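Note that these values count all heavy atoms, side chains included, but never hydrogens, waters or copies made by symmetry. The structure displayed is predicted, hence computed values, not measured ones.
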Amino acid sequence: MHDDALPHENILVTGGAGFIGSQLAHSLVDSHDVTVLDSLRGGSRDAVPEDATFRAGDIRDEQTVEEAVSGTELIFHEAARV
């Protein structure tokens with residue numbers, strides 16, 4: 001991914017410990033400040049890039065989401081329950 005395509009610096013990836021979210025986080029972390037928010041119900045902490053900030057929490061919790069989005073410029077919402 002080229003920096004010109006996503007000029008945003010601070011990116012939040014919800015569900016970033018799951019398969020799709022973690023792949024996205026890995027593709028972004030080299031050129032952006034990435035925060036991953038995940039409850040770890042369906043994902044693994046090991047899937048989160050080492051250079052990303054990890055926040056354990058549920059997207060259904062308003063306070064958790066408010067804290068996670070603070071300072072965020074772009075959100076990729078990949079969190080889901082089957």
Side-chain angles (χ1 to χ4, degrees):
M1 194 168 291
H2 301 287
D3 284 341
D4 294 341
L6 287 175
H8 308 289
E9 285 298 316
N10 299 310
I11 298 175
L12 173 65
V13 180
T14 66
F19 180 73
I20 294 171
S22 65
Q23 297 301 309
L24 177 60
H26 277 280
S27 71
L28 296 169
V29 76
D30 287 339
S31 54
H32 304 281
D33 291 329
V34 176
T35 298
V36 167
L37 173 62
D38 201 294
S39 68
L40 297 179
R41 288 189 186 138
S44 169
R45 175 66 175 95
D46 293 336
V48 177
E50 288 182 19
D51 293 339
T53 300
F54 178 73
R55 298 180 68 96
D58 194 312
I59 62 164
R60 297 174 296 177
D61 181 74
E62 187 175 343
Q63 183 175 353
T64 298
V65 173
E66 285 179 10
E67 292 171 2
V69 300
S70 178
T72 297
E73 297 174 284
L74 181 66
I75 301 169
F76 287 97
H77 178 54
E78 304 299 324
R81 296 287 298 160
V82 177

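- Residue F76 is tested with L24, L12, T14 for a side chain to side chain contact (heavy atoms under 4.5 Å, CB included); the sole match is L24.
- Under the 4.5 Å side-chain criterion, counting only non-hydrogen atoms from C-beta, T64 is not in contact with R55.
- Taking both residues in full, the closest heavy atoms of P49 and V29 are given as CB-CG1, 4.0 Å, listed atom of the first, atom of the second, then distance.
- Of all non-hydrogen atoms in A25 and V36, the two that sit nearest each other are CB-CG2, 4.0 Å.
- Within a 6.0 Å sphere centred on CD1 of I20, heavy atoms belonging to other residues, nucleotides or ligands number 12 at most.
- Rounding to the nearest 0.5 Å places CG of D51 at 9.5 Å from NE2 of H26.
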From CA spacing to verdict: side chain to side chain contact (heavy atoms under 4.5 Å, CB included), F54, L40
CA-CA 11 Å; F54 178 73; L40 297 179; 3.8 Å; yes
Decide side chain to side chain contact (heavy atoms under 4.5 Å, CB included) for H32 and L74; before the verdict, give the C-alpha distance in whole Å, the side-chain angles of both, and the deciding distance to 0.1 Å.
CA-CA 11 Å; H32 304 281; L74 181 66; over 6 Å; no
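- Side-chain contact between R41 and D58 is present, with at least one heavy-atom pair separated by less than 4.5 Å.
- Cluster annotation: V13 and V48 are assigned to the same hydrophobic cluster (Ile/Leu/Val/Met/Phe/Trp/Tyr, side-chain heavy-atom contacts under 4.5 Å, transitive).
- Counting all heavy atoms, side chain and backbone alike, A47 lies closest to A17 at CB-O, 3.6 Å.
- Hydrophobic clustering of Ile, Leu, Val, Met, Phe, Trp and Tyr side chains at less than 4.5 Å, counting indirect connections, keeps I75 apart from V34.
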